[in-house]
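Notes follow once the structure below has been shown.
Being a predicted model, the structure only gives us computed values, none of them experimental.
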Amino acid sequence: MGEEEPLLRKQTELSTKRSILLLLSLCITAFIVNTVSSLASPFYPSDASKFGVSEFEIGVILGMYHITVFFVAPLTPILITATSTKKTLKIGIFIAGFSAICFGFINKCHSTVLFIAISALLRICQGCGCAFVDTSLYTIISEEYPKNLGKVSGFLTTAVGLGFMVGPPAGGFLYSAGGFALPFLVMGTITLLIGLIMLFAMRETTSPASRVRLFSMYAYVAEDGLEHSIVGYTDSSEITHWATKARDIPFVPNVQLGDRVSLKRILSDSKLVIILVTTIFGSAILGFQEPNLGLFLESCEYTPAAVGGLFLLRDFLFAIGSILVGYLVDAVGPYTILAAGLGLGGAGYLALGPIPPFTANSASVIVGLCVTGFAGSIPWVSGLPCLLKATRYLGNKHALNSQLSGLQNSCLYFGIFVGSILGGAFLDLLSYQKTYLYFSAIPMLTSIMFIIAMLTRRSRGNDILENSLKT
């Protein structure tokens, strides 16, 4: 029974000892991997400049990580389908740890070209490892904690945020203690050792889904206007469903559970595309600040120590806020929280760049950073629950869990990249105040468009229900 099918297994509750230990191991893994990925930011630019690497090239090298996650994350479900979620997680941890150790020796290069090439290659490897790990982690929680997905996603996002927050100071401390190689050697070794311990202690959570065949599947639109599914299994007389008082509409008969739902079919659903685009702009809330926030705070005459403290405050709100967002997602619903998060992010930027004649001051800067830090966590926590809620009717739950996790991670990291590009472009053309003021309109408009789109889809669902009842 070690490989029992997740779809037939009783849903795991957070009150059991096994579920708590599993969640703890997943959070530790997420924390370590994301700590490793952010180690280099305090000292790599200065060391790279000694090799004649320009600031633009340094930015491209560091940005290769996010771009790699964007491209690799949607492809990770192929590896999960071919092997398993646990094996994919193990591969990702190994790649992240091994590439980190190798990164510690790039200062031994004797030419600028070789230094740039190896740096970029290892950042790509780190991005691949992160894509494998994050997609596997979110796949596991979507299968193991379906009743508490918001809360668990919040805890996991907190671990990710703490990793990004601890990485730079840990890297700077180890660099001061032992030079360029020490941070990567220490954290790379810890990644491999602790990751392997967690994996050996973790029970396999996936198995070949083709062992179970659906004998019928129906899609219907319930009173809430959302599409749901009723599924029956050949070895189970109990029919599972998520809504009542609705007329069944035959949808897909004789579906093989092991069949992988194509990416084209997933992206053909306009509702999913809307959620993914909204997630991108939600993730851009923090990405927009990457190229300009430090300069903005220096222009406000903050000391370097105060600038570091404000960055830490923002990241702390991101990490801790994720837990609160998780509870809100389960209590209120992921769509509502995602829309509210974008509106809140826009309000935070209004505090950083107020509408004239008002100007930013110390109080508004602190409030703006706290609000944007908290709002930035919302798409990370609510994105996957939104996607899973919108795809119940597709039926193949195991395949969808991994594919949607990959798409979510891809959009989150692409949002950071897009936000960074926009942040640099705005600052080249505008003042700091206008940069933040104009950008505040983007998440607010995205929130409004998301609400309208969801209401339109719900109205469409009610029309389908009325037509089915007439026939």
Side-chain angles (χ1 to χ4, degrees), residues 5-7 9 11-12 14 23 26 73-74 76-77 80-81 85 134-157 205-206 209 217 219-222 224-231 240-243 251 257 260-263 265-279 282 322 325-339 341 378-412 450 453-454 457-458 461:
E5 177 60 41
L7 288 177
R9 187 170 61 234
Q11 292 176 328
T12 304
L14 283 173
L23 177 58
L26 298 178
T76 303
I80 291 177
T81 302
T85 309
D134 285 355
T135 301
S136 299
L137 291 176
Y138 281 97
T139 299
I140 291 172
I141 67 170
S142 65
E143 294 182 346
E144 291 287 341
Y145 306 94
K147 291 183 178 180
N148 301 281
L149 184 57
K151 299 183 185 70
V152 175
S153 181
F155 284 116
L156 193 59
T157 303
T205 58
T206 60
M217 181 167 70
Y220 60 83
V221 182
D224 58 4
L226 302 175
E227 293 167 323
H228 302 280
S229 299
I230 290 181
V231 182
T240 305
H241 62 89
W242 296 279
F251 183 52
L257 189 59
R260 183 171 175 269
V261 181
S262 67
L263 186 62
R265 182 181 175 190
I266 293 176
L267 296 179
S268 65
D269 189 314
S270 60
K271 190 175 192 177
L272 292 180
V273 174
I274 292 169
I275 294 172
L276 292 173
V277 172
T278 304
T279 301
S322 299
V325 174
Y327 280 89
L328 291 175
V329 166
D330 286 340
V332 180
Y335 294 160
T336 303
I337 297 302
L338 181 58
I378 292 178
W380 286 76
V381 178
S382 61
L384 184 59
C386 283
L387 293 172
L388 290 172
K389 184 175 182 179
T391 54
R392 288 171 172 173
Y393 66 94
L394 287 179
N396 193 338
K397 183 179 177 182
H398 172 70
L400 282 172
N401 285 339
S402 60
Q403 287 176 286
L404 295 178
S405 297
L407 285 173
Q408 182 215 22
N409 287 326
S410 176
C411 289
L412 288 172
F450 179 73
M454 292 299 103
R457 291 279 303 188
R458 176 167 295 185

> Going from OH on Tyr145 to OG on Ser153, what distance comes out if it is rounded to the nearest 0.5 angstrom?
Replying inline: 12.5 Å

> For Pro74 and Leu407, which heavy atoms make the closest approach, and how far apart are they?
Replying inline: CB-CD2, 4.3 Å

> Taking all non-hydrogen atoms of both residues, which atom of Ala453 and which atom of Ile274 are closest, and how far apart?
Replying inline: CB-CD1, 3.5 Å

>> Please report the interatomic distance CD1(Ile275) to CE(Met454), rounded to the nearest 0.5 Å.
In response: 5.0 Å

> Among Leu387, Thr336, Val329, which residue meets the side chain to side chain contact (heavy atoms under 4.5 Å, CB included) test with Ser382?
Replying inline: Val329

>> For a quick test of reading the model, state the closest non-hydrogen atom pair linking Ser142 to Leu384 and the distance between them.
In response: CB-CD2, 4.3 Å

> Which residues satisfy the side-chain hydrogen bond (donor to acceptor under 3.5 Å, both in side chains) test with Thr157, sequence neighbours excluded?
Replying inline: Tyr138

> Of the options Thr76, Thr279, Asp134, Thr135, which is the one that meets Asn409 in a side chain to side chain donor-acceptor pair (under 3.5 Å)?
Replying inline: Thr135

> Hey, what do you get for CG (Leu272) to CG (Leu404), rounding to the nearest 0.5 Å?
Replying inline: 6.5 Å

> Does Lys389 make a cation-pi contact with Tyr335 (under 6.0 Å, within 45 degrees of the axis)?
Replying inline: yes

>> I need the minimum non-hydrogen distance between Ile80 and Ser136, along with the two atoms involved.
In response: CD1-OG, 4.2 Å

>> To the closest 0.5 Å, what do you measure between OG (Ser322) and NZ (Lys151)?
In response: 15.0 Å

> Out of curiosity, Thr85 OG1 to Ile140 CD1, how far, rounded to the nearest 0.5 Å?
Replying inline: 6.0 Å

> Can you tell me how far CD of Glu143 sits from CG of Leu388, rounded to the nearest 0.5 angstrom?
Replying inline: 10.0 Å

> How far apart are the closest heavy atoms of Leu338 and Ile378, and which atoms are they?
Replying inline: CA-CG2, 4.0 Å

